[in-house]
Amino acid sequence: MTSEKNDEQLERMRHSVAHIMAEAVQCLFKEAKFGIGPTIEDGFYYDFELPRALAPDDLPVIENKMREIIAQDAPFVREELGKDRARELFATQPYKLELIDEIPDASVIVYEQGSFTDLCRGPHLASTGKVRAFKLTHVAGAYWRGDEKRSMLQRIYGVAFGSQKELDDYLFRQAEAARRDHRRLGKELDLYSTHEGIGPGLICWHPRGALIRQVIEDFWKAEHIRRGYEIVYTPHIAKLDLWKTSGHWEFYRDHLFSPMEVDGQQYLLRPMNCLGHISIYKSKLRSYRNLPVRYAELGTVYRYERTGVLYGLARVRGFTQDDAHVFCRSDQVEDELAEVLNLAQFMMSSFGFDKYQLLLSTRPEQYVGTVPMWEEATECLKNALERLDLRYEVDPGEGVFYGPKIDIKLEDAWGHVWQGPTIQVDFNLPQRFDVCYIGEDGLEHTVVMIHRTVLGSMERFLACLTEHYGGVFPVWLSPVQAVIIPIADRHIGYAHEIEASFKNDGIRVRVDDRSERMNLKIREAQLEKVPYMLIVGDKEMDSCGASLRLRSGEDLGLESLAEVKNRIRTAVEAKS
RNA sequence: GCCCGAGUAGCUCAAUGGUAGAGCAACCGACUUGUAAUCGGUAGGUUGGUGGGUUCGAAUCCCCUCUCGGGCUCCA
């Protein structure tokens, strides 16, 4: 069977399982009202309105009912009905009636199996007995038709595969994703925490998380300076009027922390860093000769996110963007965009991300500026992408109101997609703030402004990075690069000598000088995912070396200290 | 924000209306160890909330509230 045909067959089965689940629910709840039940990746769901809330305990009951239905091997029967007949059939099903009304054709198709009939285009399996492996996974609320203003239904999610083995593989992959989850690893590896007393979505970076962040930030800064950026620092609050001028107050009021009053003036906690950079740019007259100006800042911003959307480090209320703004002439835009894109790509590959999506977002319904401006800027973005020979997709109408953009999206362990780096052309702020330069002609010209991040935010980036590596950070990012494990107390002095020497060479090293057995120390270093373990006992002291164990479990035996250092240094340089 | 679920010691979890318990971690002591957990002891909780209620009695039942989780909606 071709894989395409296989996919089609699987799709058909998943959809059929959704119907079987609906039948089971109907058997258990006569009053059930049915929403829709499509297939999704790996499985399906079905939305119901039920007389009571479903609990996780209900799932096995429903599954058992489904198995009965499958055992009956009832055929799926397709029938085409006139709409009036269909309305009669679904007279007690308001959601189905709504769907029937929206079908443009004169007739509709229904599928019947056993005691259950559903409005459905199909196709389905020949009979219920053809179902192979399935499992109901979880219950959740979902708005009817995805509309926040309409009623909330209960959704049951399930997965289905062509064989029990594939289902088992799926469940194993889910367990693996749970192990890689940055919220779990963040706790296990002691990277960060949040606190009820501080507030949701506000992150405390523990020493180890902070160390990873410092390494990233140092790397980021050096790379930016090398590429012609200048580092700046700007305030975290600013007068409300400034945010009114910028349009943020008008457009994003729902996403801002409430203003605070200081000396009779309203101030706002910043949701973006651009205004400080604009203010610096505007602090003196600028000549066309000195453009582009590139200001970079690891700028912490605060945005009010609705409680239900917060997620570990990936969606928070206070975060630090690796932000920069490029002020340039319109004839420089394309080159600048290509440079930024190149930098973003460089960053992604430096951190081992080889799988990411590139999306070009075009003009939305609400926008500022003129259509020709948008077209020109979009063209510049497109040319930059093509110049670097990058594969991308167009996301129509998904641009920001102030300009088109390119987003880089990263996937987490669960397959959730997060916006990482973003490159945005802005027509709005330069006009609103009259950001300009003196041209060759001696006249004032408005600059073009590019907002960009090449990591996204430090918080979200660490989330993706942690899940990408499953907590096994490459040596250059490992908070502790080596643990020295003395075998007996008489080796502790020697261990500290090695520590001093390694520290002197910039290696992040620690001695485990507790009065514990070597095996325990190895185990703990292993759980901590420390790349190198240096075991030192009599033999090592005599030869002035150390026995090296890797976190892979590999025992490399006795090496000289110079060899070990060299090994670590090489790994750091290779960012591996 | 909405629907559902969960919150017990630093962590992972037990106790289903009748005196809150275990393992790991912490602390103390012994052991001095050769590649993933040495042994013994001590201490630690007004059960998310210096919330409210039912009950002779609440970790357990109800209400409020906070936080977390699964989704939906949202995401400059």
Side-chain angles (χ1 to χ4, degrees), chain A residues 45 47 49-50 52-58 137-157 178 181 183-184 187-188 190 193-201 246-248 251-252 254-256 271-274 301 303-312 314-316 321 361 364 398-403 405 407 414 416-419 422 424 426 428-429 451 453 460 485-492 514-528 533-540 547-551 553-558:
Chain A
Y45 67 76
D47 289 344
E49 186 185 297
L50 301 172
R52 68 165 174 89
L54 289 172
D57 295 346
D58 289 313
T137 53
H138 55 289
V139 210
Y143 297 108
W144 169 237
R145 317 215 84 176
D147 185 342
E148 209 175 354
K149 291 182 192 69
R150 306 200 61 178
S151 48
M152 178 148 295
L153 306 178
Q154 299 193 63
R155 175 172 297 177
I156 303 176
Y157 284 91
D181 191 310
R183 294 167 302 179
R184 173 173 172 159
K187 193 180 272 186
E188 283 177 7
D190 199 14
S193 59
T194 57
H195 300 269
E196 196 167 336
I198 291 179
S246 70
H248 290 101
F251 280 91
Y252 303 120
D254 292 345
H255 292 271
L256 301 174
M272 293 185 135
N273 302 307
C274 19
V301 297
R303 298 177 185 179
Y304 173 77
E305 298 284 1
R306 303 214 279 180
T307 52
V309 308
L310 301 172
Y311 187 92
R315 188 89 180 266
V316 292
Q321 294 181 307
S361 301
E398 284 304 305
V400 200
F401 77 92
Y402 52 69
K405 61 171 181 170
D407 288 332
W414 298 101
H416 300 144
V417 170
W418 298 97
Q419 183 183 306
T422 180
Q424 309 175 343
D426 186 345
N428 177 48
L429 293 178
H451 306 247
T453 65
R460 182 174 289 178
I485 299 175
I487 287 177
D489 287 355
R490 63 178 177 280
H491 309 123
I492 289 178
R514 293 175 303 167
S515 179
E516 294 288 353
R517 296 181 66 189
M518 176 201 65
N519 284 314
L520 182 86
K521 296 178 184 179
I522 288 176
R523 176 180 155 78
E524 292 188 353
Q526 195 78 49
L527 291 173
E528 210 184 290
M533 285 160 244
L534 278 66
I535 288 120
V536 294
D538 294 334
K539 195 169 69 181
E540 287 78 10
S547 287
L548 196 58
R549 181 192 159 101
L550 306 182
R551 57 187 161 183
E554 201 179 344
D555 180 357
L556 298 179
L558 185 62

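Order of the sequence lines fixes the chain letters, A, B, ..., with proteins taken first and strands second; residue numbering starts at 1 for each chain.
The heavy-atom pair separating A:Glu540 from A:Leu558 by the smallest distance is CG-CD1, 3.6 Å.
For A:Leu50 and B:C4, the CG to C1' distance is 12 Å, given to the nearest whole Å. With rounding to whole Å, A:Arg517 atom CZ is found 9 Å from B:C39 atom P.
Rounded to whole Å, the separation between the C1' atoms of B:A15 and B:C31 comes to 36 Å. A distance of about 6 Å separates the P atoms of B:G48 and B:U8, rounded to the whole Å. Across B:C63 and B:C24, the matching P atoms stand 39 Å from one another, rounded to whole Å.
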Between N or O atoms, less than 3.5 Å apart, protein on one side and nucleotides 61-64 of chain B on the other: list the pairs.
none

What pairs of nitrogen or oxygen atoms, one from the protein and one from nucleotides 25-30 of chain B, lie under 3.5 Å apart?
none

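Contact annotation: side chain of A:Asp489 to base of B:U32, donor-acceptor pair present below 3.5 Å.
Under the salt bridge (Lys or Arg N to Asp or Glu O under 4.0 Å) criterion, A:Asp555 pairs with no residue, sequence neighbours left out. In this view, A:His195 satisfies the ring pair (Phe, Tyr, Trp, His ring centres under 6.0 Å) rule with no residue, not counting sequence neighbours. Residues satisfying the salt bridge (Lys or Arg N to Asp or Glu O under 4.0 Å) test with A:Glu528, not counting sequence neighbours, are A:Arg208, A:Arg510. Under the side-chain hydrogen bond (donor to acceptor under 3.5 Å, both in side chains) criterion, A:Asn428 pairs with A:Arg432, not counting sequence neighbours. In this structure A:Glu148 satisfies the salt bridge (Lys or Arg N to Asp or Glu O under 4.0 Å) test together with A:Arg306, sequence neighbours excluded. Shown here are the salt bridge (Lys or Arg N to Asp or Glu O under 4.0 Å) partners of A:Glu398, two or more places apart in sequence or in another chain: there are none. Evaluation of the side-chain hydrogen bond (donor to acceptor under 3.5 Å, both in side chains) rule for A:Asn273 yields A:Arg270, A:Gln321, A:Asp323 as partners, not counting sequence neighbours.
Checking side-chain atoms of A:Gln526 against main-chain N and O of A:Arg551 turns up a donor-acceptor pair under 3.5 Å. A donor-acceptor pair under 3.5 Å links the side-chain atoms of A:Thr453 to the main chain of A:Thr422, judged by distance alone. In this structure, A:Lys521 contributes its side chain and A:Arg514 its backbone to a donor-acceptor pair below 3.5 Å.
Heavy atoms of A:Leu54 sit under 4.0 angstrom from primed sugar atoms or phosphate atoms, though from no base atom. Contacts of A:Glu540 with the nucleic acid, taken as non-hydrogen atoms under 4.0 Å apart, include base atoms.
Where A:Met518 and A:Pro200 meet RNA chain B, the nucleotide closest to each residue was compared, and A:Met518 sits on the side nearer the 5' end.
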Sugar-phosphate means primed atoms, P, OP1 and OP2; the rest is base. With that split, encode nucleotides 69-76 of chain B 5' to 3' as B, S or - using protein heavy atoms under 4.0 Å. SBBBBBBB
B/S/- along nucleotides 6-17 of chain B (protein heavy atoms under 4.0 Å) is -----SS-----
Once Watson-Crick and G-U wobble pairs under 3.5 Å are found, how is RNA chain B written in dot-bracket notation, 5' to 3', with | for any base paired to another strand? (((((((..((((....[..)))).(((((.......))))).....((.(((..]....))))))))))))....
